[in-house]
Amino acid sequence: VTDADFTVPLMSIPHLLGTTLATLPASIPYLAIPAGTQAPPLTGTGLKVGLVWQGNPQHDADKWRSLPLASFAPLRTVPNVTWYSLQCGAGKEEQFKAPWAGGIIDLSPYLTDFAVTAAVMADLDLVISVDTASAHLAGALGRPVWVPIHRGNDWRWLHGRDDSPWYPTMRLFRQQPPRRWEPALEAMAVVLAEFAAR
């Protein structure tokens, strides 16, 4: 850098500005769906819930954040819910196997880019996504989004809380104890049943 008097590492800016958890900018939505973006019509009745269970398998922490779709079986039994797969790429084939076969509508052929995915999310009542781009997209759009978070999560998700200061519409379901997802997903199923019954 030749024309600057100072350089500042990007992640040091919040510290230098005195930003705290209480003053984080969290005005949502801060993303908008581009005009003219067409989402596929969502068939089904009851609560409309989109599901993403796997991120990019090349990600360094993917073995901790991604789950087999079968792990979400407790949610499958909640009545009055229509399920939509927002899963693209790796893991997509799991929706065609038990226990989800025939119980989830595959939207992946329509999800050609983030604009269409955003338009779909706008038509859903809830997005449930592992810690991948879909979770952040839903949060940035101000959509209700639930995220299962592994015990050794990175700094963005903090510790000991079920919300995110960056995304006011997000709820976190934390893995307890380490490496066991069952309690978190069973807790999610209970809350989902309450949500669907409203």
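By convention here, the first residue in the shown sequence is residue 1. What you see is a predicted model; the values in this text were computed from it and never measured.
- A donor-acceptor pair is defined here as one N or O able to donate and one able to accept, closer than 3.5 Å; no such pair exists between the side chain of Trp181 and the backbone of Ser71.
- Val116 has its side chain within reach of Asp113: a pair of non-hydrogen atoms, C-beta onward, lies under 4.5 Å apart.
- Between Leu75 and Val81, every side-chain heavy-atom pair lies at or beyond the 4.5 Å cut-off.
- Put simply, the side chain of Trp146 reaches to within 4.5 Å of the side chain of Leu192, judged on heavy atoms.
- Listed by chain and residue number, Asn153 satisfy the side-chain hydrogen bond (donor to acceptor under 3.5 Å, both in side chains) test with Arg174 (two or more places apart in sequence, or in another chain).
- Here the closest heavy-atom approach between residue Asp106 and residue Phe96 is recorded as OD2-CZ, 3.7 Å.
- With hydrogens and angles disregarded, a donor-acceptor distance shorter than 3.5 Å links the side chain of Thr169 to the backbone of Arg143.
- Using a 4.5 Å cut-off on side-chain heavy atoms (C-beta onward), Tyr167 and Val145 make no contact.
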Acceptor/donor pairs from residues 29-50 side chains to any protein atom, 3.5 angstrom cut, sequence neighbours excluded:
residue	atom	partner	partner atom	Å
Thr37	OG1	Pro34	O	2.7
Lys48	NZ	Gly44	O	3.4

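- The two residues Pro148 and Ser129 make their nearest non-hydrogen contact at CD-O, 3.3 Å.
- Taking a 6.0 Å sphere around CZ of Phe114, one finds it holds 12 or fewer heavy atoms contributed by other residues, nucleotides or ligands.
- The salt bridge (Lys or Arg N to Asp or Glu O under 4.0 Å) check on Arg151 picks up nothing, with sequence neighbours excluded.
- Of all heavy-atom pairs spanning Ala135 and Val130, the tightest one is CB-O, 3.6 Å.
- Proximity of Val78 to Trp83: side-chain heavy atoms (C-beta onward) are nowhere separated by under 4.5 Å.
- Remark: the backbone N or O of Gln54 is paired with a side-chain donor or acceptor of Gln87 at under 3.5 angstrom.
- Looking at residues two or more places apart in sequence or on another chain, you find a side-chain hydrogen bond (donor to acceptor under 3.5 Å, both in side chains) between Arg161 and Asp163.
- Counting all heavy atoms, side chain and backbone alike, Ala118 lies closest to Leu137 at N-CD2, 4.0 Å.
- A heavy-atom distance below 4.5 Å is not found between the side chains of Met188 and Pro74.
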Return all side-chain donor-acceptor pairs below 3.5 angstrom for residues 16-24, not counting sequence neighbours, or 'none' if the list is empty.
residue	atom	partner	partner atom	Å
Thr20	OG1	Ala22	N	3.3
Thr20	OG1	Thr23	N	3.4
Thr20	OG1	Thr23	OG1	3.3
Thr23	OG1	Thr20	N	2.9
Thr23	OG1	Thr20	O	3.3

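- Between the side chain of Gln175 and the backbone N or O of Arg179 there is at least one donor-acceptor pair closer than 3.5 Å.
- Using bins of under 30°, 30° to 60° and over 60° for the plane-to-plane angle, the ring pair Trp166/Trp155 lands in the perpendicular bin.
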Practice prompt. Determine, step by step, whether Gln95 and Trp53 satisfy the side-chain contact (heavy atoms from CB on, under 4.5 Å) criterion, reporting the C-alpha distance in whole Å, the side-chain angles of both residues, the deciding distance to 0.1 Å, and the verdict.
Written response: CA-CA 10 Å; Gln95 66 191 295; Trp53 56 92; 4.0 Å; yes
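- Scanning both residues, Pro79 and Ala196, for their nearest heavy atoms gives O-CB, 3.7 Å.
- Residues meeting the side-chain hydrogen bond (donor to acceptor under 3.5 Å, both in side chains) test with Ser66, sequence neighbours left out: Asp62.
- Arg76 contributes a side-chain N or O that, together with a main-chain N or O of Pro99, makes up a donor-acceptor pair within less than 3.5 Å.
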